[in-house]
There are 2 protein chains.
Amino acid sequence: MAEFTTLEHENLNSVVYGALCDALMQGRFQPGDRLKIRALAEQFGTSVTPIRDAILRLANDEAITFRSPRDIRIPEMSETRYREIRAIRIRLEGLAAETAAQVATSADIQALEDILRENERAIEVGDRLKGTQLNQAFHFMLPQIAALPVLNTILRRLWLQMGPHISDAYIEGGRAMIDHHYPVIEALKRHDPAAASMAIVDDILLGGKPILERIERGQEREARRA
Amino acid sequence: MAEFTTLEHENLNSVVYGALCDALMQGRFQPGDRLKIRALAEQFGTSVTPIRDAILRLANDEAITFRSPRDIRIPEMSETRYREIRAIRIRLEGLAAETAAQVATSADIQALEDILRENERAIEVGDRLKGTQLNQAFHFMLPQIAALPVLNTILRRLWLQMGPHISDAYIEGGRAMIDHHYPVIEALKRHDPAAASMAIVDDILLGGKPILERIERGQEREARRA
DNA sequence: ATAAGATACTTGATGCATCTTTTTTGATTT
DNA sequence: AAATCAAAAAAGATGCATCAAGTATCTTAT
């Protein structure tokens, strides 16, 4: 008798949600962009229902907001809010790195090195999309190695909010984006939680500097307009 | 199984979401309870649409899960998962307490003392519902004092998941539930971030012990059945 | 009496019509 | 040219009909 793997059927709303999440994390939406349910339904080739479902979930994630009852937009981010997200990331990714350093297998470290090597190559070639994706993949790999799924979910949600504010400078900064990933891997190899934590904190603070600068510039622009 | 009164307009899905969140955080749902969209629609006196919207959001929060395509339930919690949530809370509420200690005004401290005094009274009188609500209010007040809305949102989501697992022992434990709130307030008065953080960590670890024990008992029960 | 197959029922997903309110637009006035 | 206001269009919210898939119940052949 032939064997089959149990297949799971995904809902349309989940597919749409996933696609919009990808778009957000890849920076394919800009702050202030407006989303229209009917327009998206046409693009996705579905009725409005699954789109509404996805939009509602995204709104629940605070990745998009209802500026007014009929005006769905990618939100701006205040500098204060970005700093808060950064502070939270430092605590959470610090915990992930510490835990990962304690339990990482050589296969885990291999996986991280593979991502980093690919990331290096993507940056050389100038493939921005792949560059951001692999950078994120590195960050998400730590909670995965540490077996912290709840933390991973929180982190993804934060990235959903940061995605539209990833600046070109961040990507154009090239290797600065991933410089701090090397000491993370070294710390994991030595099973040194404190060093792993410090390295990832450096990455968040220093590597993410161009993002903060973009947000600061955005705020100045807002201020001048008012 | 929780009951609901019929409600009036505002934004139906948000109202339903809010009501279900309250019910979850008050422990009015038990792990394994099944939710039915049509039944809830009848209870709330709405069509199924706003209920679906709210359910989808809750599922996105991982506060409820689709056990199978048409089977919506309050999820069980593994001990591992609870410990992860606790570790995350320690980091995040620690950050909130530290920040709050630095910026707390006398009005903030007054508010905390008011909550604590009311909580004390609720426990004396044996009002369990009010007891849990005020305990949560205390915890949510710290990120509010610290002006950390993102952290507050994350915390609320975690509590949505913990709600159904709050044990009677936790509530019957009486003052043990809030014993550690006093040193938190003392630390805030002295503007001592380290002490505030330590006090809230003690509360999470020691005060929450009955919850962990209930989950452990639940797991043993599961194991015996298998 | 048992088990496989058929049938009825339940339930969330999807699509769509309609409602209310907002947003847009364009004519008109200042 | 700018501001104002009314009509038209747009857009999300809500309700509901229908669909497909899962669950339970009943039937029937062995």
Side-chain angles (χ1 to χ4, degrees), chain A residues 1 4-21 23-24 29-76 225-226, chain B residues 1-21 23-24 29-30 32-75:
Chain A
M1 184 61 173
F4 300 98
T5 58
T6 55
L7 46 86
E8 51 196 287
H9 123 79
E10 205 175 359
N11 296 334
L12 279 184
N13 101 54
S14 299
V15 178
V16 173
Y17 178 75
L20 292 177
C21 283
L24 282 164
F29 284 111
Q30 292 302 303
D33 278 1
R34 189 168 176 189
L35 300 181
K36 295 183 185 179
I37 291 178
R38 284 171 173 85
L40 285 170
E42 198 172 350
Q43 280 191 62
F44 279 103
T46 71
S47 78
V48 294
T49 308
I51 308 292
R52 266 194 82 242
D53 295 347
I55 293 276
L56 246 29
R57 288 174 64 180
L58 252 4
N60 192 227
D61 292 334
E62 295 179 89
I64 62 181
T65 52
F66 287 71
R67 183 190 283 191
S68 70
R70 264 151 259 257
D71 191 3
I72 307 170
R73 287 180 191 266
I74 308 296
E76 304 288 339
R225 205 166 51 205
Chain B
M1 185 67 166
E3 302 251 329
F4 301 98
T5 55
T6 320
L7 45 82
E8 60 215 273
H9 277 247
E10 174 204 316
N11 182 308
L12 282 183
N13 99 57
S14 300
V15 180
V16 173
Y17 177 76
L20 291 175
C21 283
L24 283 164
F29 284 111
Q30 292 301 304
D33 276 2
R34 187 168 179 189
L35 301 181
K36 294 182 186 180
I37 290 177
R38 284 173 174 84
L40 285 170
E42 197 171 352
Q43 280 192 65
F44 279 105
T46 72
S47 80
V48 295
T49 308
I51 309 292
R52 268 195 79 242
D53 295 346
I55 294 275
L56 246 28
R57 289 174 63 181
L58 252 4
N60 192 229
D61 292 335
E62 295 180 88
I64 63 181
T65 54
F66 288 71
R67 183 190 284 190
S68 68
R70 262 148 258 232
D71 191 2
I72 307 170
R73 285 178 192 269
I74 308 297

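Naming convention: chains lettered A, B, ... in sequence-line order (proteins, then strands); numbering from 1 in each chain.
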Partners meeting side-chain contact (heavy atoms from CB on, under 4.5 Å) with [X] (sequence neighbours left out):
{"X": "Arg70(B)", "answer": "none"}
{"X": "Arg38(A)", "answer": "Val48(A)"}
{"X": "Ser47(A)", "answer": "Thr49(A), Pro50(A)"}

Practice prompt. Could you tell me the separation between the CD atom of Glu42(A) and the C1' atom of dC16(C), rounded to a whole number of Å?
Written response: 15 Å
Using nucleotides 5-8 of chain D, report all nitrogen or oxygen pairs with the protein that are shorter than 3.5 Å.
none

Worksheet entry | Least distance between heavy atoms, Ala54(A) atom then Tyr17(A) atom | CB-N, 3.7 Å
Worksheet item: Among Asp33(B), Leu56(B), Ile74(B), which one satisfies side chain to side chain contact (heavy atoms under 4.5 Å, CB included) with Ile64(B)?
Response: Ile74(B)
Item to complete: Give every residue pair that meets the salt bridge (charged side-chain N to carboxylate O under 4.0 Å, His left out) criterion with at least one member in residues 40-57 of chain A, sequence neighbours excluded.
Response: Arg52(A)-Asp53(B), Asp53(A)-Arg52(B)
Discussion item. For Leu58(A) and Leu24(A): C-alpha separation, side-chain torsions, deciding distance, then whether side chain to side chain contact (heavy atoms under 4.5 Å, CB included) applies.
Written reply: CA-CA 10 Å; Leu58(A) 252 4; Leu24(A) 282 164; 4.1 Å; yes
Discussion item. Using side-chain heavy atoms (C-beta onward) and a distance below 4.5 Å, is Phe29(A) in contact with Leu20(A)?
Written reply: yes
Item to complete: Indicate for each nucleotide in nucleotides 7-14 of chain C, in 5' to 3' sequence, whether protein heavy atoms under 4.0 Å reach the base (B), only the sugar-phosphate (S), or nothing (-).
Response: ----BBSB
